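See structure below.
The model shown is predicted, which means the values in this text are computed figures rather than measured ones.
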Amino acid sequence: MSTAVMKQSLQQHLVERRAQRRLLLPYVTAGLCPDWIELVEAVIEAGADAVEIGIPFSDPAIDGTTIQEASVVALDAGMTPARALSELRDREFGVPLVAMTHYNLVYRYGHERFAADLVAAGGWGTILPDLPMEHAAEWNAAADDAGIENVLLVAPVTDDERLHRIVDEAKGFVYVVSTMGTTGAREGVDDAATVLSRRVKAVTDKPALVGFGISNGETAVVAAEASDGVICASALMRRILDGSSVEEAAALIAEIRTALDEAYPPGT
């Protein structure tokens with residue numbers, strides 16, 4: 001069993017890190033490459049405050065072309081939810097892991113079993129973008145019993161009433177979707193991300209992290225201006241898909257870490 005930083009809550013961990021710097025959460029698709037575990041360790045070394053582990057699914061609802069491609073590669077290599085959690089369990093990590101996947105996999109795995117195996121693998125939270133909070137009671141009960149925090153997403157079209165409800169229900173952090181559409185690296189960050197981050201920060205002190213479109217240090221700095229930090233997924237996975245080594249891919253996370261630290265020194 002992983003013994004990574006056991007065991008304050010994910011939210012507490014991120015709040016403590018937030019006091020020192022803007023938060024940075026890279027995303028790694030389980031099984032994308034034979035040394036994907038080394039990639040997880042490399043992005044932690046490069047400055048990650050937590051790492052999202054994408055458990056690949058054959059019929060994604062929110063993933064853009066890069067994450068879909070990464071999932072296909074991983075599935076073709078034989079990756080399964082049980083294998084992903086088993087391989088993670090063999091290592092110790094210095095930051096929390098957060099499983100990002102689709103609810104069908106959790107449902108078929110079994111709520112209690114998935115929660116228990118995720119904890120054993122060093123997991124502290126889940127992101128299940130296709131599971132609305134109105135239908136999450138069964139998963140939330142199993143997650144709560146295991147000490148897993150379920151992160152919820154808000155989007156630019158989320159109205160004020162629903163945003164308040166999502167923020168109240170969210171655990172760990174609030175995932176701020178920067179733009180409407182699927183995941184993917186973009187040239188810039190939509191102004192909607194700043195507006196939405198401010199809306200979230202006005203009603204909660206839970207960490208608010210911007211995802212979708214974080215492709216480099218510049219986009220990260222823009223997205224972090226009104227938020228607590230960023231999530232980098234597609235740009236990192238694209239490097240691996242295009243043949244970069246673990247070290248070359250992790251250099252992107254180091255670049256973003258440096259840009260955030262230079263733009264937002266502690267206390268800003």
Side-chain angles (χ1 to χ4, degrees), residues 10-11 13-15 17-28 43-44 46-52 54 62-67 95-96 98 100 125 127 129 151-158 163 166-167 170 172-239 249-268:
L10 173 63
Q11 183 173 321
H13 169 83
L14 295 177
V15 167
R17 289 289 183 104
R18 181 180 65 181
Q20 301 298 320
R21 61 190 190 181
R22 290 299 199 274
L23 301 170
L24 174 55
L25 272 67
Y27 166 103
V28 174
V43 297
I44 293 171
D49 296 293
V51 180
E52 290 184 17
I62 196 172
D63 295 332
T65 55
T66 296
I67 301 301
V95 302
V98 181
M100 184 168 187
I127 305 170
V151 175
L152 297 179
L153 296 80
V154 294
V157 296
T158 305
L163 184 142
I166 291 172
V167 165
F173 64 91
V174 180
Y175 193 125
V176 178
V177 177
S178 68
T179 188
M180 297 306 298
T182 56
T183 61
R186 295 172 172 84
E187 292 296 324
V189 177
D190 198 308
D191 290 342
T194 298
V195 174
L196 182 56
S197 295
R198 288 175 176 159
R199 289 174 61 203
V200 171
K201 296 298 293 178
V203 298
T204 186
D205 192 45
K206 294 175 182 177
L209 302 178
V210 176
F212 292 32
I214 308 303
S215 57
N216 52 34
E218 181 179 356
T219 53
V221 167
V222 172
E225 189 275 329
S227 71
D228 295 308
V230 299
I231 297 161
C232 179
S234 295
L236 179 62
M237 295 299 89
R238 174 48 58 193
R239 288 200 173 192
L252 172 63
I253 302 306
E255 172 202 334
I256 294 174
R257 176 79 274 158
T258 298
L260 290 173
D261 291 348
E262 290 179 348
Y264 305 108
T268 62

If you look at every heavy atom in [X] and [Y], which pair is closest and at what distance?
X	Y	answer
F173	L14	CD2-CD1, 3.7 Å
P26	A50	CD-O, 3.3 Å
P156	L196	N-CD2, 3.6 Å
M237	I67	CG-CD1, 3.9 Å
K201	A208	CD-CB, 3.9 Å
V230	A224	CG1-N, 4.2 Å

Q: Report the C-alpha separation of R21 and L260 in whole Å, then their side-chain angles, then the decisive distance to 0.1 Å, and conclude whether the side-chain contact (heavy atoms from CB on, under 4.5 Å) test is met.
A: CA-CA 8 Å; R21 61 190 190 181; L260 290 173; over 6 Å; no
Q. Between R199 and L163, is there a donor-acceptor pair closer than 3.5 Å when you use the side chain of the first and the backbone of the second?
A.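 Side chain of R199 to backbone of L163, a donor-acceptor pair under 3.5 Å: no, none is there.
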Interatomic distance, [X] atom [atom1] to [Y] atom [atom2] [nearest 0.5 angstrom]:
X	Y	atom1	atom2	value
D228	Y264	CG	OH	11.5 Å
L153	I127	CG	CD1	7.0 Å
R18	D49	CZ	CG	12.0 Å
R257	R22	CZ	CZ	10.0 Å
L252	I214	CG	CD1	11.0 Å
R238	S215	CZ	OG	13.0 Å

Q: State which residue, out of I44, L25, L24, fulfils the side chain to side chain contact (heavy atoms under 4.5 Å, CB included) condition with V51.
A: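 Of the listed residues I44, L25, L24, the side chain to side chain contact (heavy atoms under 4.5 Å, CB included) partner of V51 is I44.
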Flag the pair [X] / [Y] as yes when at least one side-chain heavy-atom distance between them is below 4.5 Å, and no otherwise.
X	Y	value
Y175	E52	yes
S227	V176	no
V15	P207	yes
R17	V95	yes

Q: Decide yes or no on side chain to side chain donor-acceptor pair (under 3.5 Å) for T219 and N216, but give the supporting numbers first.
A: CA-CA 6 Å; T219 53; N216 52 34; 3.0 Å; yes
Q: Ignoring hydrogens and angles, state whether a donor on the side chain of T258 or D261 is under 3.5 Å from an acceptor on the partner side chain.
A: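 No, no side-chain donor-acceptor contact under 3.5 Å.
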